[in-house]
Amino acid sequence: MSADFFDSTSEQQIESFTKSAREMLAGYGLNEVEVKCINYEFNATFSVVTGSGDKYALRINVNSTRTLGNIQGEIEFVNFASRIPGIKVARPVANSQDSYVSSIVHPESGRTLHGILYTWLEGEEIGDEPTHDQLVTLGAAMARMHQSAREFKLSEKAQLPTFSDWLWGTEDFLLSSKSLLTKEQFTAIKSAIEVIEADTHNLFAANPIQVIHGDLHGWNLMWHEGELFIFDFDDCGYGIPHQDLAITLYYLDTPEQDAAVLEGYRTVCELPIYTKPQMDSLLLQRRLVLLNYLYETKNPEHKEMLPAYLEKSMERVNGFLTGVRG
């Protein structure tokens, strides 16, 4: 892998990945199209518009460590979710080889990139200012997915990770030999993770494991004419409903917003059972996963976020430990 490529600017990286996007799109017979990068963070997502006005979204896995088996698992779960009453999702599109996954070599980085073409979703992302109605709708949709996913089975050619460890199977940059933390930071985070993993173990022991979305927040949700659409299943895997719920709550700002999600969930089924300390553990786990990502990412803009994010994270870790031990 070329380290020099990821030292280039975001604009240079996007320009290079746009060329890769066009190469992938040729495999769908989409040659004379307008291609524009609409998101470059963890992965790169492009809008694709044909001459006749048809629109698609192409996601190229850039930072993702997902294997081809994992991507196949994502596709199977998305197609399953598309058949759940009341759930609306972007659907994968097959290429000319009748495959939902397109792979090409990206010479500048030395990586083999995998991409999926999805149908386009109209509307606007809910983002970080969701309305009460949107949150109630989200809670209900989450519950419907959780109920139905108990019956979901992967094919033999697909695999998905199990989220029983605090890092959900990704590489450790906080507690491993690659850690750049101070001794005090390392000790505090290690202590917090021990509590998180104990709580996760207890929750897994008390609840059946099933496939969950794994990233249900406002930037993976579209709202169009009063309807909710879910996308970006790149983080799906085997977990428990509590983890989906915690991720959604992590990105909310007020108790009223939390209550709206729970209200929506209860319109479909009972909430998963957990204690407040257990939910606090799952919320902090999300924070530490994101902190770990900032140490690993090749995204220039995200790397700049690290100092401030680390400072705030340590405040939360210390508060968590004080509360747990008190």
Side-chain angles (χ1 to χ4, degrees), residues 1-14 16-17 39-45 59-67 70 106 108-114 128 161-200 214-215 217 219-220 232 234-237 239 243 246-247 250-251 280-321:
M1 177 176 61
S2 172
D4 292 340
F5 173 76
F6 287 107
D7 288 334
S8 62
T9 66
S10 293
E11 290 75 14
Q12 290 171 323
Q13 292 178 35
I14 289 171
S16 178
F17 289 130
N39 183 275
Y40 179 40
E41 294 186 357
F42 188 68
N43 293 311
T45 304
R59 190 195 78 219
I60 299 179
N61 286 13
V62 176
N63 286 296
S64 176
T65 57
R66 290 263 163 153
T67 65
N70 295 157
H106 181 249
E108 290 87 345
S109 67
R111 293 183 175 185
T112 296
L113 301 178
H114 307 299
D128 56 9
T162 299
F163 302 145
S164 55
D165 68 299
W166 75 275
L167 264 179
W168 289 16
T170 57
E171 186 176 357
D172 185 357
F173 285 83
L174 297 183
L175 301 184
S176 70
S177 60
K178 296 183 179 181
S179 177
L180 298 176
L181 298 171
T182 66
K183 183 178 180 180
E184 283 188 354
Q185 291 167 344
F186 184 98
T187 300
I189 288 177
K190 185 173 185 294
S191 296
I193 289 171
E194 288 172 355
V195 177
I196 290 167
E197 293 212 306
D199 283 336
T200 301
D215 204 19
H217 58 74
W219 301 106
N220 288 335
D232 197 356
D234 182 47
D235 289 328
C236 69
Q243 293 170 307
I247 288 168
Y250 175 82
Y251 290 92
D280 288 343
S281 284
L282 296 181
L283 293 170
L284 183 61
Q285 183 259 348
R286 181 64 169 184
R287 178 86 188 187
L288 294 179
V289 165
L290 295 175
L291 176 63
N292 187 76
Y293 161 75
L294 291 180
Y295 277 103
E296 179 271 340
T297 185
K298 304 299 182 183
N299 184 296
E301 294 177 2
H302 286 188
K303 284 193 282 190
E304 293 175 1
M305 296 168 56
L306 179 56
Y309 198 87
L310 174 61
E311 181 179 359
K312 188 65 177 178
S313 296
M314 294 314 304
E315 290 178 10
R316 296 195 181 186
V317 166
N318 291 326
F320 173 81
L321 292 173

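All residue numbers refer to positions in the sequence shown, counting from 1. What you are looking at is a predicted structure, and each value in this text was computed from that prediction instead of being measured.
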Using the ring of each side chain (for Trp, its six-membered ring), is H217 parallel, tilted or perpendicular to Y251, with breaks at 30° and 60°? tilted

Smallest separation among heavy atoms of L291 and S313, with atom names: CD2-CB, 4.1 Å

Count the heavy atoms of every other residue, nucleotide or ligand shown that sit under 6.0 Å from CD of E194, and state whether that count exceeds 12. yes

Examine F42 together with H302 and report whether their ring centres are nearer than 6.0 Å. no

Minimum heavy-atom separation for L284 to A192, with atom names? CD2-CB, 4.0 Å

Under 3.5 Å, is there a donor-acceptor pair linking the side chains of H106 and T112? no

Mind checking whether L283 and F320 have side chains closer than 4.5 Å, heavy atoms only? no

Under-4.0 Å salt bridge between R286 and D215: yes

Identify every side-chain donor-acceptor pair in residues 162-172 under 3.5 Å, counting partners at least two apart or on other chains, and give the distances.
from : atom 1 : to   : atom 2 : distance (Å)
D165 : OD1    : W168 : N      : 3.4
D165 : OD1    : G169 : N      : 3.2
D165 : OD2    : L167 : N      : 3.3
D165 : OD2    : W168 : N      : 3.2
D165 : OD2    : G169 : N      : 3.1
T170 : OG1    : L167 : O      : 2.8
E171 : OE2    : K178 : NZ     : 2.5
D172 : OD1    : L174 : N      : 2.8
D172 : OD1    : L175 : N      : 2.9

From H114 NE2 over to N70 CG, what is the distance, rounded to the nearest 0.5 angstrom? 10.0 Å

Check the side chains of N43 and D234 for a donor-acceptor pair under 3.5 angstrom, ignoring hydrogens and angles. yes

Any donor-acceptor pair under 3.5 Å from N292 side chain to V289 backbone: no

State the CD-OG1 distance between E184 and T187, to the nearest 0.5 angstrom. 8.0 Å

Heavy-atom closest contact (P300 atom, T9 atom, distance): CG-C, 4.4 Å

Does the side chain of S281 come under 3.5 Å of the side chain of D199 through a donor N or O and an acceptor N or O? yes

So D232 and W219, side-chain contact (heavy atoms from CB on, under 4.5 Å) or not? Walk me through it. CA-CA 9 Å; D232 197 356; W219 301 106; over 6 Å; no

Evaluate the side-chain hydrogen bond (donor to acceptor under 3.5 Å, both in side chains) criterion for residues N61 and R59: first the C-alpha distance (whole Å), next the side-chain angles of each, then the deciding distance (0.1 Å), finally the verdict. CA-CA 6 Å; N61 286 13; R59 190 195 78 219; 2.9 Å; yes

Show, in sequence, the C-alpha distance, side-chain angles and deciding distance for Y250 and L282, and conclude whether the side-chain contact (heavy atoms from CB on, under 4.5 Å) test is met. CA-CA 9 Å; Y250 175 82; L282 296 181; over 6 Å; no

Should the pair R287 and Y309 be classed as cation-pi, given the thresholds of under 6.0 Å to the six-membered ring centre and 45° from the axis? yes

To the nearest 0.5 Å, how far apart are CZ in R316 and CG in D280? 11.5 Å

Sequence neighbours excluded, the answer for salt bridge (Lys or Arg N to Asp or Glu O under 4.0 Å) partners of E315 is K312

Work out which heavy atom in Q185 is nearest to a heavy atom in L310; give both atom names and the distance. NE2-CD2, 3.7 Å

Answer whether the closest heavy-atom distance between the side chains of R66 and C236 falls below 4.5 Å. yes

Taking every heavy atom of S8 against every heavy atom of Q13, the minimum-distance pair comes out as O-NE2, 2.9 Å

Distance flag, aromatic centroids of F17 and F5, threshold under 6.0 Å: yes

Calculate, to the nearest 0.5 Å, the distance between atoms OG and CZ belonging to S179 and F173 respectively. 10.5 Å

